[in-house]
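The block underneath contains the structure these notes are about, expressed in structure tokens.
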Amino acid sequence: MTSSPSTPSTRPSAYPAIYEVVRRIPRGRVATYGQVATLAGLPGRARQVGYALHALRHPQDDAVPWHRVINARGEISHRAGAGLEDHAQRQLLEAEGVTFDTRGRVDLDRYRWPR
DNA sequence: ATGATGACCCAAT
DNA sequence: GATTGGGCCATCA
């Protein structure tokens, strides 16, 4: 792409690499924040991944399936005082065939991507 | 400019 | 298994 002259982060969503990786997660699979960070070339910066995803404002993103990103425990992470809106992520994953155990956790050995 | 927060992670206890 | 403490760095007040 003909060079992008440094593009200083003068505005949010300055993580094209992160969105690119998330976009690459196949349907019915999940990835952890740490994985996305590493795959995006930001090893150890898992927090920035979460921040970047939050910048999406959870719209109906088919372009960036944010719901396929979960934490390293296999659980869904959300802001404190999570309400009913947070259940959306679980429902979206279940709709893709991802199962949750009684504790609300996903079996990462089975659904983690890449394999 | 500093200080506190945060869709996190990991090792040690 | 649960808790504690350190690390990472962009964004907000």
Side-chain angles (χ1 to χ4, degrees):
Chain A
M1 317 273 238
T2 64
S3 81
S4 305
S6 44
T7 49
S9 48
T10 46
R11 69 176 60 232
S13 323
Y15 297 106
I18 292 175
Y19 299 133
E20 194 60 21
V21 172
V22 175
R23 205 173 291 165
R24 218 177 122 199
I25 303 173
R27 188 172 177 284
R29 287 298 247 310
V30 298
T32 67
Y33 294 92
Q35 276 183 262
V36 173
T38 300
L39 291 171
L42 301 169
R45 280 130 213 166
R47 270 190 152 169
Q48 265 53 358
V49 174
Y51 212 96
L53 293 182
H54 183 244
L56 295 172
R57 301 174 175 177
H58 59 91
Q60 304 104 18
D61 276 301
D62 280 347
V64 182
W66 57 272
H67 60 275
R68 292 180 191 146
V69 184
I70 60 179
N71 66 26
R73 290 164 134 188
E75 215 165 35
I76 292 173
S77 295
H78 269 266
R79 321 189 296 176
L84 302 171
E85 302 177 340
D86 301 328
H87 276 253
Q89 182 166 8
R90 175 167 174 171
Q91 307 237 335
L92 285 168
L93 289 174
E94 288 181 325
E96 297 184 349
V98 178
T99 60
F100 288 72
D101 64 14
T102 54
R103 287 155 116 212
R105 302 205 325 196
V106 175
D107 185 352
L108 287 176
D109 290 329
R110 180 170 178 160
Y111 295 104
R112 186 189 288 177
W113 174 89
R115 246 265 189 133

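Since the structure is predicted, the reported quantities are computational estimates derived from the model, not experimental observations. Just so it is clear, the values below take in all heavy atoms, side chains as well, and ignore hydrogens, waters and symmetry mates. Letters A, B, ... mirror the listed sequences (proteins, then strands); counts begin at 1.
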Gap between atoms CG and C1', on A/Leu92 and B/dA7 respectively (whole Å): 14 Å
Protein-nucleotide distance (A/Ile18, atom CD1; C/dC8, atom C1'), rounded to Å: 13 Å
Euclidean distance for C1', C/dC12 against B/dA1 (whole angstrom): 14 Å
Closest approach of A/Ala52 to A/Tyr19 (non-hydrogen atoms, all atoms of both residues): O-OH, 2.8 Å
Most 5' of A/Tyr51 and A/Arg103 on DNA chain C, judged by nearest nucleotide: A/Arg103
Side chain to side chain contact (heavy atoms under 4.5 Å, CB included) evaluation trace for A/Trp113 with A/Val30: CA-CA 6 Å; A/Trp113 174 89; A/Val30 298; over 6 Å; no
May I have the list of side-chain donor-acceptor pairs in residues 100-109 of chain A shorter than 3.5 Å, sequence neighbours left out?
from	atom 1	to	atom 2	distance (Å)
A/Asp101	OD1	A/Arg103	N	2.8
A/Asp101	OD1	A/Gly104	N	2.9
A/Asp101	OD1	A/Arg105	N	2.7
A/Asp107	OD1	A/Asp109	N	3.1

Whole-Å gap separating C1' (B/dA7) and CG (A/Leu42): 16 Å
Pair A/Glu96-A/His67, side-chain donor/acceptor within less than 3.5 Å: yes
Interatomic distance at C1', B/dT5 relative to C/dC8, whole Å: 13 Å
Electrostatic pair A/Arg90:A/Glu94 at N-O distance under 4.0 angstrom: yes
Atom-pair distance (NE2 on A/His54; P on C/dC12), nearest Å: 10 Å
Any A/Arg45 side-chain nitrogen or oxygen under 4.0 Å from OP1 or OP2 of C/dC8: no
Test item: side-chain donor near acceptor, A/Tyr111 and A/Thr99, under 3.5 Å: yes
Contacts under 3.5 Å, N or O only, protein and nucleotides 8-10 of chain B:
from	atom 1	to	atom 2	distance (Å)
B/dC8	OP1	A/Ser77	OG	2.8
B/dC8	N3	A/Arg47	NE	3.2
B/dC8	N4	A/Arg47	NE	3.2
B/dC8	N4	A/Arg47	NH1	3.4
B/dC8	N4	A/Arg47	NH2	2.3
B/dC9	OP1	A/Ala72	N	3.0
B/dC9	OP2	A/Ala72	N	3.0

